[in-house]
Each structure stands twice: as structure tokens, then as C-alpha cells.
Amino acid sequence: MGSGVRALMRRKQVDSERTRAAGSAHQLRKELSVTQLVAIGVGSTIGAGVYVLVGTVAREHSGPALTLSFLIAGIAAALSAFCYAELASRCPSAGSAYHYSYICVGEGVAWLIGWALILEYTIGGSAVARGISPNLALFFGGQDSLPWILARHEIPWLDVVVDPCASFLVFVVTGLLCVGIKESSFVQGVVTVLNCFVMLFVIIAGSYIGFQTGWVGYKVAGGFFPYGANGMLAGSATVFFAYIGFDSVASTAEEVKNPQRDLPLGIGTALSICCSLYMLVSVVIVGLVPYFAMDPDTPISSAFAKHGMHWAMYLVTTGAVLALCSTLMGSILPQPRILMAMARDGLLPSFFSDVHKTTQVPVKSTVVTGICAAALAFFMDVSQLAGMVSVGTLLAFTIVAVSILILRYVPPDEVPLPSSLQASFRLSQENDEEKLRGTLGDDDHEQGSAEISDVVVEPITDPLIEKQLYASNLSEAKRRKTAACSITSVCIGVLILTTSASATFLPFPVRCSVCVLGGMLLLAGLGMLCWIDQDDGRHSFGHSGGFICPFVPLLPVMCILINTYLLINLGGGTWMRVGVWLVMGVFVYIFYGRTHSSLTDVVYVPVAEANEIYGSSSSLGFVA
């Protein structure tokens, strides 16, 4: 039992230049700049959902206040983006949230995050691919007008509707990703720019019509907030998922030329562009048509059709297809890198960590990902499983915020020493012991020993210095313990508060009492984190010189609170399906990952001592 718990809590080291050189055979090619990162981020985020969400959320939740719903959701997403930006610049390696949680939290949590992200990207890519064929059919005259080879067909004896078009597109994207990250990011950039031009057309042409007609959508009887502030906030929770996708930028960290500078810029710029486009489109469309008269399925096309621009339907449909294709690439791109990162750490078979010598991309992992996504897209209607995509993303967002708190207040002060260097470690210890015995026990040089003792030992054993060192170590240990308890209090308080606030079946007095308890734990932990100092080790943790997340601890705590609330409200059916997948992952970890982990035989030593061992091993000829 004790060894199992230790396995769950073991943490790996931030990839240094030394460890990268040792594993150069599995390294990815550095090809990406800020421009390509922005293209990946925007392309992965802006899907066809914006062409539908505008009408659905305006009709049911926000009304004309839809723009504010997008703004609030964008601010909430920015909280996670700040956390991702710091960790991506400090730990620029493949794996995204899995990699960060392995370094800061532990192997058990990292495995669950990686396993959940595998499910997210597989189902997400399949769902996106299934959404392309209905939009393509509009160019051929309707839902049943696609060529026979691409059209959907029902298999009667299996009660299954197959989608050859979706499967074909997944294979095309998979082949493109196997060619190389530079080529695939260029294609995704072109598709994303074309989609942005379509959205700019909607904004400019819609604004012209709005000024001509007097913006009738803002003159409705219900005012700007027909559903009140609660409706606007409910709309924010719905459109928040339109911002999911910028984390794909973090998954390419190992392929960025200058990660300390480019990753934070790429994440921040991509999220800003998405938020701006969402808000401008919503301002225009809500102003053209009263919210209660919007078509929930095709709000933008129908808005232009009501003003005589029926041809705009084809342009908007083109934008939807382009957005779906770009999002499909963004869904399949991160998963091979997560599989590769998990295989590097020994949690999955080494097959997934192989990198092609020419293209320097994980071709085997990419092909496996493409085959799984294509099979799902071909055989299954994954729309019912779409909620499972949100679980992986929100779990990742939450753990990344927790990792920021750990990094700032209780960063790892010990690093794993590989088994190949443990001989050097033992040799160093034996040499130190021999030197100590030789200094203290040499009978032939008693006078010299006495002099050495007078010079060296006496100052170290000075009672005043010993007292100061002991008090300093005790104070630091107490601070770390207090910080760890405070972070735990924040997490437990958030879980109690969000669960009780969402448990509408409970009597009102019980809900209030439990909410008060959760709120007190949350505020107590947050207050203590604000009061105590952050750890000095945060300055040297990972790769320094990159982005620093502001407003810690308030910002990550708010991020944890928002993401946990959204997780709790995803629904019981979604959690049951995700639970089955996570239980499968637990068995895979127990029977394979736990015993094959690269940290199985390591010894943890203080950071300063590890650096000395690495230095001495290089001079003695040891290889890590």
C-alpha cells in the first residue's frame, strides 16, 4: 500500500538541456514561431459552433446581452490562459497539462489527466469530422445530395449510420500531420485566415445593413437584459466552451523556436483574436434580428436572408466548413504529442514515443490517433458523447491552475536521480565519508587535525550560527507545510461549494449551510496564501525568463472555482460515461504504467546535490 501511494506521488524533473541531449533520438523539430502558434490557437478554437451558438444562446439565455456573455466567458478563459502561459514557458516540452501535472502534482494525477485528454481529443476530432458532411451537402443542394461515395448510409441490421466523408477527412488531416509540423501549421494557417475573412465579411456587411435598418434587434421591448443578469451569466457558461482550443498551442511547446517568448504571446494573441471576433459577430447579428426571431440552427445565414442577401448563405456555409476543417486539425494535432510524452515517461509502450527521423514528428502516434478517430467518425454518432470532451478540458484547466499554486508556494525541492547515476551518487557519498573519517581520525597528524578543527569545525558548531540555521530551516519547513495545507483547503472548499450550490435537490437550509462551510474553507485557504510568502525556489524552477502569471494566488483560485463549477454541472450521464473511461485508465496504470514508469528505480535528492552529481558524473564518464 505504501509503495502504491509513493508511486502516485512521485514527480519528474523539468526537462533540461542535459536530459534533452540524452534523449535526442525522440526530440521534435523546432519549427514554430509566434505567427504559426496564433494560427494553431485561433484555428483550434473558432469552430463552427460560433455559427450556431449566436442564435441558441441569444434566444434562450442572453438576448441582446450576448456580447457581454462572450466577454465574461473570454475573461474566464483568460484565467486559464495565464496559467498555461507561465507553465508552457517554464516547462516547454510536449504533453501540455499532463506534463505540467507530472512535474508539480504527481504521477497519479498526471496519468488521469493524460488519459482524459486522450478521450477528449479522440471524441472531439470525430465529432468535428461528423459535422462537416452536413455542411458540405448544402453546396450540392441539400442533406441528401452528396455524391454516393461521400454520403451517409444507414446499415439496417446494425442500426448504424456510417459517414465516409468524415472518415476520409480524418485520414487526410492525419496524412498532413505526418508530413511535418511546419507544413501542417501552414495549411492550418491558410484555412484559419480564410475563415477569419468570412467572419470579417459577416461583421462588415452586417454592420452596413444594421446602420441602414436602424439596428432593430436592440429596440425590442425586453431591453438589453430580457432574461436578467442570471440569463447573461448562464449564456456565459454556455459560450465558454467556444474558447476551448487554445490549449493546443501548449501541446506544441517542444516544437517552438523560442518557447519562453513565443508561447505566452501565441496563447494570449490567439485568445484575444477569438474573443474579439466572437463579440463583434454577436454585436452585429443580435442587432440585425430580434433575439426571439433568430433561427437557432442557422442564425447568421437567416439574418442575411431576411434582408435579401440569400447568397450569403453559401459564404457563411463556406466559413463553417473551413472552421470545422481547422478545428479538426487542432483536435488531432495534440493527441500524438500527449501519447509520445506518456510513452517517454514509461506510462505507455515505447511504440508511441518513436519520432520519424526525417519529418521529426511522432508518426506512429499520429497514425494510431487518426485510425481511432476515423473509425469513431465512420461508425458512431458521437454527438451524444460531445459532453465528454468538456470533461478532459476542464480537468486540465483545473489541474494547471493548481500546478501554478504548487509552483509558487511549494515547488519540488528534490529531483529524481536516474538509476544510471545512482552509482555515482553512492561513490560521492563514500568519498565524503572517507574524507570525513580521514580528517577526524588521523592519529599521525593530531596537531594538524586540531588546527583544522580550530579553523573549520569551530565556526560551524558555533551555537549562535546553529540556532539561526535551525530556525531558518524550521521556518521554511513550517511555511511549506502551511502553504500545502492552504492549497488543500482551497481545493476542498471549492469542491464543497460548487457541489452544494449545484445540488438543487437538497433543502435550501442544508444547501446554504454546506455552501457556507465550503466558502469558509476556500476563503481561509486563500487568505493564508495571500499572507505567507511565496517560495524563493520559484525563481529558478524550470526555464526562467518567461511569462509570469499575475495576481497569484487570486487568479488561479478563481480559475479553479470557475472550472470546477462547470465540471459539476456537466450532468450525471456525462460523468458516468467518463467514469467508465477513467476506471479503464486506472487498470491500465496499475498493470502497466506503474511498473514501467521511468521513475520506478529513481532516488530523490536535493536540487543542489543533483547538480553536483551531474557535474561529477560528466567528468567521470557516467551517462544519464
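Each residue takes its place number in the sequence, starting with 1.
For the residue pair Ser69/Ser62, the side-chain donor-acceptor check at 3.5 Å is satisfied. Using a 3.5 Å distance cut-off with no hydrogens or angles, the side chains of Glu254 and Ser93 do pair a donor with an acceptor. For the residue pair Thr67 and Ser282, a side-chain donor N or O sits within less than 3.5 Å of a side-chain acceptor on the partner.
How far SG of Cys515 is from CG of Leu522: 11.5 Å, rounded to the nearest 0.5 Å. To the nearest 0.5 Å, atoms CG (Leu582) and CG (Leu112) are separated by 6.0 Å. Atoms CG and OG1, from Asn135 and Thr298 in turn, are 10.5 Å apart once rounded to the nearest 0.5 Å. Atoms CG and SG, from Leu517 and Cys512 in turn, are 13.0 Å apart once rounded to the nearest 0.5 Å. For the atom pair CZ (Arg577) and OG1 (Thr574), the distance works out to 5.0 Å, reported to the nearest 0.5 Å.
The side-chain heavy atoms of Phe304 and Leu315, taken from C-beta on, include no pair separated by under 4.5 Å. Counting heavy atoms from C-beta outward, Ile46 and Met199 have side chains that approach closer than 4.5 Å. Residues Gln335 and Ile118 form a side-chain contact, since some pair of their non-hydrogen atoms from C-beta on lies under 4.5 Å apart. Residues Glu107 and Asp345 are not in side-chain contact: their nearest non-hydrogen atoms beyond the backbone lie 4.5 Å or more apart. Proximity of Glu183 to Val361: side-chain heavy atoms (C-beta onward) are nowhere separated by under 4.5 Å. Contact check for Val402 versus Ser101: no side-chain heavy atoms found under the 4.5 Å cut-off. Within the 4.5 Å cutoff, no side-chain heavy atoms of Pro334 are placed close to those of Leu117.
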CA sep, side-chain torsions, deciding dist, call: Val38, Val42, side chain to side chain contact (heavy atoms under 4.5 Å, CB included):
CA-CA 6 Å; Val38 171; Val42 175; 4.0 Å; yes
Let's go through Cys196 and Leu277 carefully: what are the C-alpha distance in whole Å and the side-chain angles of both, what is the deciding distance for side chain to side chain contact (heavy atoms under 4.5 Å, CB included) to 0.1 Å, and is it a yes or a no?
CA-CA 8 Å; Cys196 289; Leu277 289 174; 4.0 Å; yes
Between Trp575 and Leu567, does the side chain to side chain contact (heavy atoms under 4.5 Å, CB included) criterion hold? Intermediate values first, please.
CA-CA 9 Å; Trp575 274 109; Leu567 274 170; 3.8 Å; yes
Side chain to side chain contact (heavy atoms under 4.5 Å, CB included) between Glu60 and Thr238, intermediate numbers included:
CA-CA 11 Å; Glu60 299 177 1; Thr238 303; over 6 Å; no
Run Glu255 and Arg337 through salt bridge (Lys or Arg N to Asp or Glu O under 4.0 Å) and show every step you take.
CA-CA 10 Å; Glu255 296 157 289; Arg337 284 143 184 85; 2.8 Å; yes
Assess the residue pair Glu86 and Arg408 against the criterion (salt bridge (Lys or Arg N to Asp or Glu O under 4.0 Å)); give the C-alpha distance rounded to whole Å, side-chain angles, the decisive distance to 0.1 Å, and a yes or no.
CA-CA 11 Å; Glu86 175 167 350; Arg408 294 297 189 88; 3.0 Å; yes
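Side chain of Arg479 to backbone of Asp533: a donor-acceptor contact under 3.5 angstrom is found. In this structure a side-chain-to-backbone donor-acceptor pair under 3.5 Å is present from Ser276 to Ser272. Remark: the backbone N or O of Lys182 is paired with a side-chain donor or acceptor of Ser185 at under 3.5 angstrom. When atom types are taken as modelled, the side chain of Ser184 and the backbone of Ile181 share a donor-acceptor pair closer than 3.5 angstrom. Without hydrogens or angle criteria, Ser251 side chain to Ser248 main chain gives a donor-acceptor distance under 3.5 Å. In this structure, Tyr98 contributes its side chain and Ile338 its backbone to no donor-acceptor pair below 3.5 Å. In terms of modelled atom types and a separation under 3.5 Å, the side chain of Ser44 and the main chain of Gly41 share no donor-acceptor contact. One N or O on the side chain of Arg90 and one on the backbone of Arg538 form a donor-acceptor pair closer than 3.5 Å. Listed for the Tyr227 side chain is a donor-acceptor partner under 3.5 Å among the backbone atoms of Arg59.
With a 6.0 Å radius and a threshold of 12 heavy atoms from other residues, nucleotides or ligands, Phe201 has its CZ atom above the threshold. Other residues, nucleotides and ligands contribute at most 12 non-hydrogen atoms within 6.0 Å of the CE atom of Met558. Atom CZ of Phe292 is surrounded by more than 12 heavy atoms from other residues, nucleotides or ligands within 6.0 Å. Other residues, nucleotides and ligands place more than 12 heavy atoms under 6.0 Å from the CZ atom of Phe225.
Of the options Tyr243, Phe241, Tyr51, a ring-ring contact (aromatic ring centres under 6.0 Å, His included) to Tyr278 is made by Tyr243 and by none of the others. When each of Thr192, Asn195, Thr45 is paired with Ser326, the side-chain hydrogen bond (donor to acceptor under 3.5 Å, both in side chains) condition holds for Thr192 and for no other. For the side chain to side chain contact (heavy atoms under 4.5 Å, CB included) test with Leu521, the passing option among Val490, Ile496, Leu526, Leu497 is Ile496; the others fail. Looking at Ile113, Val494, Thr564 one by one, the single match for side chain to side chain contact (heavy atoms under 4.5 Å, CB included) with Thr398 turns out to be Thr564.
Note on ring orientation: taking the six-membered ring where Trp is involved, the planes of Phe82 and Phe547 are parallel (angle under 30°, cut-offs 30° and 60°). The aromatic rings of Phe224 and Tyr218 sit parallel, their planes meeting at an angle under 30°, below the 60° perpendicular limit. The aromatic rings of Trp115 and Trp581 sit parallel to each other, their planes meeting at less than 30°, with 60° as the upper class boundary.
Using a 4.0 Å cut-off between a side-chain N of Lys or Arg and a carboxylate O of Asp or Glu, Asp535 and Arg480 qualify as a salt bridge.
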